[in-house]
Amino acid sequence: MPILDCRGLTRAWGALRAVDDVDLAVEAGETCAVIGPNGAGKSTLFAMIAGNLKKTAGRVLLDGEDVSALPAHRIAARGVARTFQITAVFPGLPAVENVRLGLQAHDPLRRRPIGGGAALARGAEEALHWLRRVGLADRAATPAGELAHGDQRLLEVAMALAQRPRLLMLDEPTQGMSVEETRRTVDLLGRLIAEEGVTVLLVEHDMEVVFALAPRVVVLHRGRKIADGPAAEVRADAGVQAAYLGGLD
Amino acid sequence: MTPAAPRAVLAAIAVLAALGFVLPGYAVTLLTEAIILALFALSLDLLVGHARLVSFGHAGPWGFGAYVAAGLLLVLQLPLPVAALGAALATALVAVPVGWLCVRTTGVAFAMLSLAFAQLGYAVVFKWSAVTGGSDGLPGVPRGGGPLGLDWLATREGFHVLAALALAGAYLIARGFTVSPLGRVAAAVRENEARAQALGYDPRRTRLAVFVLSYGLAGLAGGLYAGFARYVSPELFFWTVSGHVLVMVILGGAGTLVGPMIGAMALFFLEHQLSGLTESWGLALGIVFILVVIFAPRGLMGWIEDALRRGRRASRADP
């Protein structure tokens, strides 16, 4: 059974169908990238899967269970972690606390209104471990909002991984990074994905990033899925090239 | 993160309590009122500072708590501490449905909704004369010791100590909440709601928890005030009360818990001193407020922290 199974997902704004009848299944352990020119509906698709946007039609199944009607926090609690296209951290809180909050979401004491020191202590230690994994251990005490842009994006990845997700959704993880930063981030992501064995759904603009990370590529164009298959095949597909390279139309 | 050590805060409150046995009677009465206002401001800081939900209706729980305590004291003749705790619980209970509606919003909409509920309280006590005494209010609220031999608490000194105990307890609860797992989530929701939700936290329920706690503590403050003034009236619900306590929080430094308590006491005594000197004391107070906002944007507490830091650095540089 696929971890994620979207069936006929559709989102319409008036006459505009931003996402139009998209089927998408992601198997456990797979890394799948969704690409497409601006306005192809990638972000809309992402938002519907994560529960941030109502679906006009269609269903989302997680591990075979219908989660179409659940709000975002319920879907997150079922093991879907995500990063945002526009960096989303807790700017006023220390980096380590950002990650610790990701861990706390699974702690049985997470809703304690008073006390709960045990949960906080074990969380803080594990959070440092995750910061080390993304190379931010020395910035643990720095407020997240004061980190460099690239570091904030890595922090988001650490937060998402700390949730121990069944499905990790990365929304343009290298957005706004320099070439050098992008290369390092791709290396790091590739290593983390392999080591954690996590299932990944990736939205990305940068083709280098896509082909470095994702063996499977899905192409959206004007809300419709026009290709889905091994990266090399999709890259060679004439229709994809037309849609993508002519993507400024 | 609350910077001040809880022990230092509790020690300061103990000193305030002890002053009740030293100062002349009139000064003790003033200090008692200041302590109750500090408790009121503390409760608002949970919303404004910790959750960044700027309530413009905190007169609501304050007035509600006061009327509940007045009822318990007048009708059931309960002992004072029981009436105050009853007021806190009743207010927290009412805060569940009120908060459920209010925390669906944030920002200006939240401020207006909270104000609307406070005004609703005002209208109800004003119109429902048979129960609330209408515009006359309920005079002659007794300060009962009850059957438990708590008569001492009804005296000037006893009531003063009771208020200080309530402040200490409320501070411990508020501080304990802000550093607890749920309190940390509330901070996360304040910092970035979408991100907190993506981690699996329900922003509304988290805000509701802060709301209920804040209202409960404000109800406690209002309940104590009913016993203090021995009189409740619709004025307790009036929107100027909400504005007043908001100024206390901002003046003292929102989000620090300690700052708003200091701000409340500072503002109260300043008003008291100035009103003895000049009729246009409101003008002077306005100027003070403007100066604080310009020169100490993090409030008195921010200013105190900076001064302490400078002091520490100076003592390190000069062995």
Side-chain angles (χ1 to χ4, degrees), chain A residues 46-47 50-52 71-84 86-94 97-121 123-124 141 143-145 152 155-156 159-160 162-165 169 171, chain B residues 1-3 6 46 49-52 92 95-96 99 103-104 169-217 254-257 298 302:
Chain A
F46 235 52
N52 294 112
H73 56 270
R74 285 276 165 75
I75 289 177
R78 285 178 178 239
V80 177
R82 68 170 298 187
T83 65
F84 289 79
I86 296 165
T87 314
V89 294
F90 304 121
L93 307 181
E97 174 70 359
N98 275 257
V99 180
R100 201 199 59 74
L101 281 157
L103 293 162
Q104 186 185 311
H106 293 298
D107 197 289
L109 301 180
R110 64 186 177 278
R111 292 209 191 91
R112 276 289 196 83
I114 207 142
L120 302 177
Q152 289 193 25
L155 178 62
E156 255 202 289
M159 292 166 78
Q163 289 174 262
R164 294 248 168 228
M169 298 173 55
D171 198 347
Chain B
M1 307 283 131
T2 321
L46 283 173
H50 194 65
R52 211 161 292 153
V96 174
V103 302
R104 302 171 80 82
Y171 169 71
L172 284 178
I173 291 172
R175 149 100 199 172
F177 176 78
T178 56
V179 299
S180 73
L182 187 60
R184 305 278 195 112
V185 175
V189 171
R190 166 194 78 204
E191 291 289 321
N192 190 330
E193 182 171 341
R195 175 30 91 193
Q197 200 174 14
L199 293 184
Y201 301 112
D202 184 342
R204 274 191 209 164
R205 267 173 64 172
T206 308
R207 284 200 291 262
L208 181 61
V210 184
F211 190 94
V212 169
L213 179 59
S214 169
Y215 267 46
L217 293 179
T256 61
L257 296 181
R298 289 186 297 134

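Values in this document were obtained by computation on a predicted structure and should not be read as measured data. Naming: A, B, ... by sequence-line order, numbering from 1 per chain.
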Just do the side-chain contact (heavy atoms from CB on, under 4.5 Å) check on A/H73 and B/R205 with the steps written out, would you?
CA-CA 11 Å; A/H73 56 270; B/R205 267 173 64 172; over 6 Å; no
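Interface summary for chain B: among A/P113, A/G116, A/A88, the most heavy-atom pairs under 4.5 angstrom belong to A/P113. The candidate from A/G102, A/G117, A/P91 with the greatest count of non-hydrogen atom pairs under 4.5 Å with chain B is A/P91. Most heavy-atom pairs under 4.5 Å with chain B, from the set A/R74, A/R100, A/M169: that is A/R100.
Side chains of A/R111 and B/P181 form no contact here, defined as non-hydrogen atoms less than 4.5 Å apart. B/V185 is not listed as a side-chain neighbour of A/R110, based on a closest heavy-atom distance of 4.5 Å or more.
A distance-only check finds a donor-acceptor pair linking the side chain of B/S180 to the backbone of A/R112 [under 3.5 Å].
Below 4.5 Å, heavy atoms of chain A meet heavy atoms from B/A194, B/R195, B/A196, B/Q197, B/A198, B/L199, B/G200, B/Y201, B/D202, B/P203, all part of residues 193-203 of chain B.
Residues B/I173 and A/I114 come closest through the heavy atom pair O-CD1, 3.8 Å.
At a 4.5 Å heavy-atom cutoff, the contact between A/L101 and chain B is made by backbone and side-chain atoms alike. For a residue to count as touching a neighbouring chain, one of its non-hydrogen atoms must lie under 4.5 Å from one of that chain's; by this rule A/A50 does not touch chain B. Heavy atoms closer than 4.5 Å to chain A are found nowhere in B/A209, neither backbone nor side chain. Looking at A/Q163, only its side chain comes within 4.5 Å of chain B, counting heavy atoms on both sides.
Under the rule for a salt bridge (Lys or Arg N to Asp or Glu O under 4.0 Å), the partners of B/R298 that lie at least two apart in sequence or sit in another chain are B/E305, B/D306.
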